[in-house]
Engineer: 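After the structure tokens below, expect a handful of questions from me.
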Amino acid sequence: MKVAGADVTTLCDAARAVLTTAAPADKVRLTREHAAAWRDGRIAEVGTATPPDRPARPDQPELRLPRDMPKRGRGGSAQNRLALLHALAHIELNAIDLAWDIVARFNATPMPKGFYDDWVQVADDEARHFDLLETRLNALGSGYGAMPAHDGLWQAAQTTAHDLATRLALVPMVLEARGLDVTPDTVRRLREVGDTESADILQLIFEEEITHVAAGRRWFGHLCAQAGKDPVEAWQDLVRKHFKGSLKRPFNVDGRRLADFGPEFYEPLAEG
């Protein structure tokens, strides 16, 4: 395969190609193409790569610190819904890169093929989610890049760049799990104001994000088993050490259980 004149012969080549592509539409297209190539065997080797410290990004949106972002209202106004959909599109774009970064950054850690299958599928899902949200923003007269966005997700990636277990503990098992907690209420509120199109997109994303949290939980457990560690204790230790926020109630216990992520993990660290 050729990408922008470069040979893509391994999965890590594919990961680096996506991570160094700035335009969201191209990032989505390459992700879908490379995921299909991995699934059907046209890309068969994992290979090695050095991922960039930060993925390539378009000129817009303006990236700000989370504390500098304007507060987003909870009401059903058109502007609030645009702000919500834009924030979610930004999360999904980051999530594409986070999935590929796991493939490229940690490939020196021996992992089964199923690990790569899972994260390629996660990247493919996130690309489709971004495309759905971008299409919806366009239908509402806006688009990705029209509003500022925060850089918190990639800050979490940088914090966990040194260790695969830490990355899995914080990104899918803290940050993505939080999405399982808040999305059902967001879907309900969108339906209440008659925005069924946006609600249906978020419902689909919610259902597929359960499988992403499950992938994080599964491979975190795999690493703990290899190291002879209790996964609950190991996860709590890593969260205490590396996560600067707090785990806030209420939790979507049912959604988290579907990801094999029971309250014995997070309740002892919870606030609120």
Engineer: Do D131 and R136 sit within salt-bridge range, that is, some charged N less than 4.0 Å from a carboxylate O?
Structural biologist: no
Engineer: In this structure, would L190 and L204 fall into the same cluster of hydrophobic residues linked by side-chain contacts under 4.5 Å?
Structural biologist: yes
Engineer: Is it true that R189 and D185 have a side-chain N and a carboxylate O under 4.0 angstrom from each other?
Structural biologist: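 Judged by the 4.0 Å cut-off on N to carboxylate O distance, R189 and D185 do form a salt bridge.
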Engineer: Look at D181 together with R178 and state whether they make a salt bridge at an N to O cut-off of under 4.0 Å.
Structural biologist: yes
Engineer: To the nearest 0.5 Å, how far apart are SG in C12 and CD in E45?
Structural biologist: 11.0 Å
Engineer: Checking side-chain polar atoms at under 3.5 Å, does H90 have a donor or acceptor matched by the opposite partner on Y144?
Structural biologist: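 Side chains of H90 and Y144: pair found under 3.5 Å.
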Engineer: Between R32 and D125, is the closest basic N to carboxylate O distance under 4.0 Å?
Structural biologist: no
Engineer: Are D237 and K229 within salt-bridge range, i.e. N to O under 4.0 Å?
Structural biologist: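 Looking at D237 and K229, the cut-off is not met.
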Engineer: Considering only NZ, NE, NH1 and NH2 on the basic side and carboxylate oxygens on the acidic side, decide whether D117 and K113 come within less than 4.0 Å.
Structural biologist: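 Salt bridge flag = yes for K113 with D117.
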Engineer: Considering all heavy atoms of both residues, which atom of W38 and which atom of Y116 are nearest to each other, and what is their separation?
Structural biologist: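 It is CZ2-CB, 3.8 Å.
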Engineer: Looking at K27 and D97, does any basic side-chain N land under 4.0 Å from a carboxylate oxygen?
Structural biologist: yes
Engineer: Donor-acceptor check, side chain of R16 to backbone of A104, threshold 3.5 angstrom: yes or no?
Structural biologist: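 Not at all, since once roles are kept as given, no pair shorter than 3.5 Å links the two residues.
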Engineer: Is V182 reachable from L175 through a run of hydrophobic residues whose side-chain heavy atoms are each under 4.5 Å from the next?
Structural biologist: no
Engineer: Salt bridge or not between D118 and R218? Use side-chain N to carboxylate O under 4.0 Å.
Structural biologist: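 Looking at R218 together with D118, the answer is yes, because their closest N to O distance falls below 4.0 Å.
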Engineer: Ion pair present between E267 and R249, side-chain N to carboxylate O less than 4.0 angstrom?
Structural biologist: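 So E267 pairs with R249 through a salt bridge.
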Engineer: Examine the side chains of Q155 and H150 and answer whether a donor and an acceptor come within less than 3.5 Å of each other.
Structural biologist: no
Engineer: Between N80 and S77, does the side chain to side chain donor-acceptor pair (under 3.5 Å) criterion hold? Intermediate values first, please.
Structural biologist: CA-CA 5 Å; N80 284 341; S77 72; 3.2 Å; yes
Engineer: Salt-bridged, D254 to R257, with N to O below 4.0 Å?
Structural biologist: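 A salt bridge is absent here (no side-chain N lies under 4.0 Å from a carboxylate O).
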